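The structure presented is a predicted model; accordingly, all values stated were derived computationally and were not measured. A, B, ... follow the sequence lines: proteins, then strands. Residue 1 opens every chain. When reading the values below, keep in mind they use all heavy atoms of this one structure, side chains included, and skip hydrogens, waters and symmetry mates.
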Amino acid sequence: MARKPRGLPDKREGLIHAEQAMIERVTAVYRCWGFEGLDTGAVEFADALGKFLPDDDRPNAGVFALQDDDEQWLSLRYDLTAPLARFAAENWQTLPKPFRRYAAGPVWRNEKPGPGRFREFLQCDADTVGAGGAHVDAEMIAMAAEAMRAAGAGDGEFTVRVNTRRLLNAVLEGIGATGETARLTILRALDKLDKFGPSGVADLLGAGRMDASGDFTKGAGLSIDGVKRVLAFAEAGRATRGETLEALGTVVGTGEEASAGLAELDAITRALEAFGAPETDIVFDPSIVRGLDYYTGPVFEAVLLKQTVDDQGGVVQIGSVGGGGRYDDLVARFTGEKVPATGFSVGISRLAAAFAMAGTIGALNGPVVVLNMDRDDPSEALRLATELRNAGIRAEAYMGSSGMRPQMKYADRRGAPAVVMAGSDELAKGVVTIKDLKVGAAKAAAISSNQEYREARPGQFEAPRADLVARVRAIVEAEDE
RNA sequence: GCCGCCUUAGCUCAGUUGGUUAGAGCGCUAGUUUGUGGAACUAGAGGUCCUUGGUUCGAUCCCAAGAGGCGGUACCA
């Protein structure tokens with residue numbers, strides 16, 4: 001049976017093109033900000049990828065893993081950050097420091113896929129390794145907003161939301177949540193503010209929450225007062241960065257970690273202003289948590305606000321299309337030496353999927369198709385196609401064995417801007433017949449009877465054989481505008 | 001992982017109270033038109049009725065298990 005594992009998408013021309021174009025525009029932004037390219041292999045030793053080592057029971061939980069000849073565990077990379085940490089650790093001596101690189105390529109996660117969620121997808125990252133300080137994070141944040149715009153998100157279609165782990169820690173400390181299990185449960189609940197709203201999050205912080213299928217999720221078991229304080233923090237986001245900072249000041253308390261967190265956001269604000277980052281693109285959002293493990297300071301997330309609808313007409317919440325943050329301990333795992341680092345990643349596949357659902361990915365033009373008018377001897381079609389290609393026009397001679405009508409349908413389905421015909425009639429007259437398919441389709445819309453349609457031959461004309469290239473080029477160039 | 005729903009043609013779905021050749025619409029391939037995309041008409045191709053086991057004289061239909069799909073939830077480094 002021909003069947004495809006889900007989450008591993010087949011991509012046709014239009015999507016391939018959209019993703020590649022997006023990668024080119026995003027990496028152009030990264031290069032402009034001074035980052036250099038780095039490619040690493042798709043597979044790493046499993047232990048280089050972090051704590052998610054394959055175990056004997058479930059070697060493929062989360063990551064795709066396999067054993068080498070010598071029985072070492074290898075894994076397909078699940079992001080581009082862990083391989084960077086491995087590379088930086090291995091080559092630290094010889095690298096310019098701080099090391100600033102970008103990378104683009106596929107990553108794999110063995111998780112349940114859904115709309116906009118894949119098991120193989122493209123990411124486009126930029127990271128600065130070996131530099132601490134809020135201005136370095138602010139650079140990532142400002143560049144992230146620019147990258148989102150380069151990727152095709154317009155005014156009001158996205159925001160970059162920023163938070164810091166320090167404030168989260170301060171709040172947890174403030175309500176006396178010291179146990180690791182409780183901390184994780186609270187952070188996970190916070191992260192779902194977007195999804196479930198304040199009352200859903202309150203349930204998760206308290207006793208627990210029942211989902212639509214009747215399944216129950218146990219909550220963090222906080223007191224009423226604890227729930228109130230955590231929610232007050234999560235909902236402290238305001239329209240501007242300054243207002244949010246002010247609101248946060250009243251809910252995070254006066255502890256050391258709280259002050260450090262506020263100072264961090266304040267420093268980021270000042271740097272963002274220096275970078276000229278638009279206030280509308282970047283907000284502080286205390287409910288942003290991100291993944292739980294390797295981030296140590298500021299965390300940020302790019303969210304697509306643009307409304308997307310699937311082919312059944314249902315609204316799809318795409319949500320996060322990029323993320324990043326500071327990870328000061330990742331390189332230390334290899335070298336033992338603490339190396340500060342921060343980075344950002346655009347989820348190219350998810351963004352492209354969102355744009356495809358929003359209908360912003362247009363169909364590409366196909367090649368000019370030269371019809372084969374002589375089943376016994378296709379030479380003339382081959383010659384004409386060659387002549388067009390030599391002139392730099394994308395063209396092919398029809399390679400099938402069908403008659404005229406299927407050949408026209410073929411050209412139509414390929415999105416050909418034009419077809420060229422040269423049968424015995426044309427050869428005798430020293431001409432070629434050229435049909436502009438787009439013009440033809442437009443004219444045909446006004447014709448109802450088939451007989452009239454056939455006689456009118458809309459969009460079609462004869463040209464001297466010598467004018468072939470010039471006449472076809474005019475049609476192709478008109479299409480490209 | 002857990003919960004719920006689902007699985008018959010490429011797609012959307014009928015249908016058989018368990019009976020011999022399983023249907024429609026759309027799509028596809030072609031013809032009507034030496035040699036013209038859409039429309040119309042005509043013809044054709046395409047199915048282990050998800051799989052395996054059970055019950056039965058007989059299963060696409062009943063029972064069980066499994067796989068796959070969709071949605072929710074958990075996890076998401």
Side-chain angles (χ1 to χ4, degrees), chain A residues 1-7 46 48-53 57-58 61-63 75 77-82 85 107 109-115 117 119 184-185 188-189 191-192 195-196 200 204 208-218 289-295 310-312 314 316 320 323 325 327 329-330 333 345 369 371-375 398 400-416 418-427 433-460:
Chain A
M1 274 301 280
R3 58 199 196 115
K4 183 183 73 62
R6 60 184 175 155
L49 292 182
K51 69 162 192 160
F52 279 75
L53 305 182
D57 298 338
R58 301 179 60 199
V63 299
S75 291
R77 63 187 180 197
Y78 57 77
D79 69 9
L80 298 174
T81 309
V107 304
R109 295 185 191 182
N110 193 4
E111 293 167 0
K112 182 181 163 180
R117 275 179 83 90
R119 293 203 289 179
L184 291 180
T185 311
R188 285 170 188 151
D191 203 31
K192 298 197 166 49
K195 205 170 175 183
F196 299 150
L204 285 172
R209 178 179 179 276
M210 185 88 76
D211 75 32
S213 72
D215 201 18
F216 184 75
T217 308
K218 195 168 179 297
V289 175
R290 300 290 303 161
L292 295 173
D293 255 20
Y294 65 42
Y295 292 121
D310 64 21
D311 34 0
Q312 313 293 322
V316 177
S320 172
Y327 50 98
D329 297 331
L330 209 53
R333 231 187 30 230
S345 176
V369 174
L371 304 196
N372 181 9
M373 309 295 279
D374 184 344
R375 282 175 208 234
Y398 176 75
S401 54
S402 299
M404 184 96 185
R405 190 168 125 110
Q407 295 195 40
M408 288 299 294
K409 289 179 85 161
Y410 172 81
D412 192 42
R413 186 170 292 184
R414 289 298 308 276
V419 298
V420 175
M421 293 164 264
S424 50
D425 296 355
E426 285 86 355
L427 281 174
T433 298
I434 297 168
K435 182 163 191 164
D436 183 328
L437 291 183
K438 303 284 156 62
V439 167
K443 284 189 179 166
I447 300 175
S448 55
S449 95
N450 193 40
Q451 192 186 351
E452 193 188 337
Y453 170 74
R454 282 167 170 280
E455 283 166 5
R457 307 240 155 126
Q460 187 169 323

[N] - base-pair partner by Watson-Crick or wobble geometry, distances under 3.5 Å:
{"N": "B:U36", "result": "none"}
{"N": "B:A24", "result": "B:U12"}
{"N": "B:C70", "result": "B:G4"}
{"N": "B:C62", "result": "B:G54"}
{"N": "B:C76", "result": "none"}
{"N": "B:C41", "result": "B:G31"}

Using a 4.0 Å heavy-atom cut-off, does [X] contact any base of the nucleic acid, only the sugar-phosphate backbone, or nothing at all?
{"X": "A:Phe196", "result": "sugar-phosphate"}
{"X": "A:Lys218", "result": "nothing"}
{"X": "A:Asp79", "result": "nothing"}
{"X": "A:Glu452", "result": "nothing"}
{"X": "A:Gly440", "result": "base"}
{"X": "A:Ala441", "result": "base"}

Pairwise [atom1] distance, [M] and [N] [rounded to whole Å]:
{"N": "B:U32", "M": "B:C49", "atom1": "C1'", "answer": "36 Å"}
{"N": "B:U60", "M": "B:U36", "atom1": "C1'", "answer": "45 Å"}
{"N": "B:A43", "M": "B:A65", "atom1": "P", "answer": "48 Å"}
{"N": "B:G44", "M": "B:C3", "atom1": "C1'", "answer": "47 Å"}
{"N": "B:G25", "M": "B:G72", "atom1": "P", "answer": "35 Å"}
{"N": "B:C5", "M": "B:U21", "atom1": "C1'", "answer": "35 Å"}
{"N": "B:U8", "M": "B:C50", "atom1": "P", "answer": "6 Å"}
{"N": "B:C13", "M": "B:A9", "atom1": "C1'", "answer": "11 Å"}

Picking from [options], which would you name as closest to the side chain of [X]?
{"X": "A:Pro406", "options": "B:G37, B:A77, B:G31", "result": "B:G31"}
{"X": "A:Met421", "options": "B:U29, B:U36, B:C75", "result": "B:U36"}
{"X": "A:Tyr294", "options": "B:C75, B:G35, B:A77", "result": "B:A77"}
{"X": "A:Arg405", "options": "B:U32, B:G71, B:U29", "result": "B:U32"}
{"X": "A:Arg457", "options": "B:U73, B:C76, B:G35", "result": "B:G35"}
{"X": "A:Arg109", "options": "B:U36, B:C76, B:G71", "result": "B:C76"}
{"X": "A:Arg188", "options": "B:U29, B:G35, B:C76", "result": "B:C76"}

Are [X] and [N] close enough that a side-chain N or O sits under 4.0 Å from OP1 or OP2?
{"X": "A:Ser402", "N": "B:A30", "answer": "yes"}
{"X": "A:Lys192", "N": "B:C75", "answer": "yes"}
{"X": "A:Arg454", "N": "B:U36", "answer": "yes"}

Treating [X] as the side-chain partner and [Y] as the backbone partner, does any N or O pair qualify as donor plus acceptor under 3.5 Å?
{"X": "A:Arg290", "Y": "A:Asp191", "result": "no"}
{"X": "A:Arg109", "Y": "A:Tyr78", "result": "yes"}
{"X": "A:Arg119", "Y": "A:Pro113", "result": "no"}

Establish whether the base of [N] is bridged to the side chain of [X] by a donor-acceptor pair shorter than 3.5 Å.
{"X": "A:Tyr453", "N": "B:G37", "result": "yes"}
{"X": "A:Lys435", "N": "B:G37", "result": "yes"}
{"X": "A:Arg117", "N": "B:C76", "result": "yes"}
{"X": "A:Gln460", "N": "B:G37", "result": "no"}
{"X": "A:Lys112", "N": "B:U73", "result": "yes"}

Considering only heavy atoms from C-beta outward, does the side chain of [X] approach that of [Y] to under 4.5 Å?
{"X": "A:Glu111", "Y": "A:Arg117", "value": "yes"}
{"X": "A:Met408", "Y": "A:Leu437", "value": "yes"}
{"X": "A:Asn372", "Y": "A:Gln407", "value": "yes"}
{"X": "A:Thr433", "Y": "A:Lys435", "value": "no"}

Mind calculating the distance between [atom1] ([X]) and [atom2] ([N]) to the nearest angstrom?
{"X": "A:Tyr398", "N": "B:G35", "atom1": "OH", "atom2": "P", "result": "13 Å"}
{"X": "A:Lys195", "N": "B:C75", "atom1": "NZ", "atom2": "C1'", "result": "11 Å"}
{"X": "A:Tyr410", "N": "B:A30", "atom1": "OH", "atom2": "P", "result": "13 Å"}
{"X": "A:Glu426", "N": "B:G35", "atom1": "CD", "atom2": "C1'", "result": "8 Å"}
{"X": "A:Phe216", "N": "B:U73", "atom1": "CZ", "atom2": "C1'", "result": "12 Å"}
{"X": "A:Asp374", "N": "B:U36", "atom1": "CG", "atom2": "C1'", "result": "17 Å"}
{"X": "A:Asp425", "N": "B:U36", "atom1": "CG", "atom2": "C1'", "result": "13 Å"}
{"X": "A:Asp412", "N": "B:G38", "atom1": "CG", "atom2": "P", "result": "7 Å"}

If you count the non-hydrogen atoms of other residues, nucleotides and ligands that lie under 6.0 Å from NZ in A:Lys218, is the total more than 12?
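Counting neighbours around NZ of A:Lys218, 12 or fewer heavy atoms of other residues, nucleotides or ligands fall under 6.0 Å, so no.
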By nearest nucleotide on RNA chain B, pick out whichever of A:Arg6 and A:Arg209 is the more 5' one.
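Residue closer to the 5' terminus by nearest nucleotide: A:Arg6.
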Name the orientation class of the two ring planes belonging to A:Tyr294 and A:Tyr327 (parallel below 30°, tilted from 30 to 60°, perpendicular beyond 60°).
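Answer is tilted, since the angle falls between 30° and 60°.
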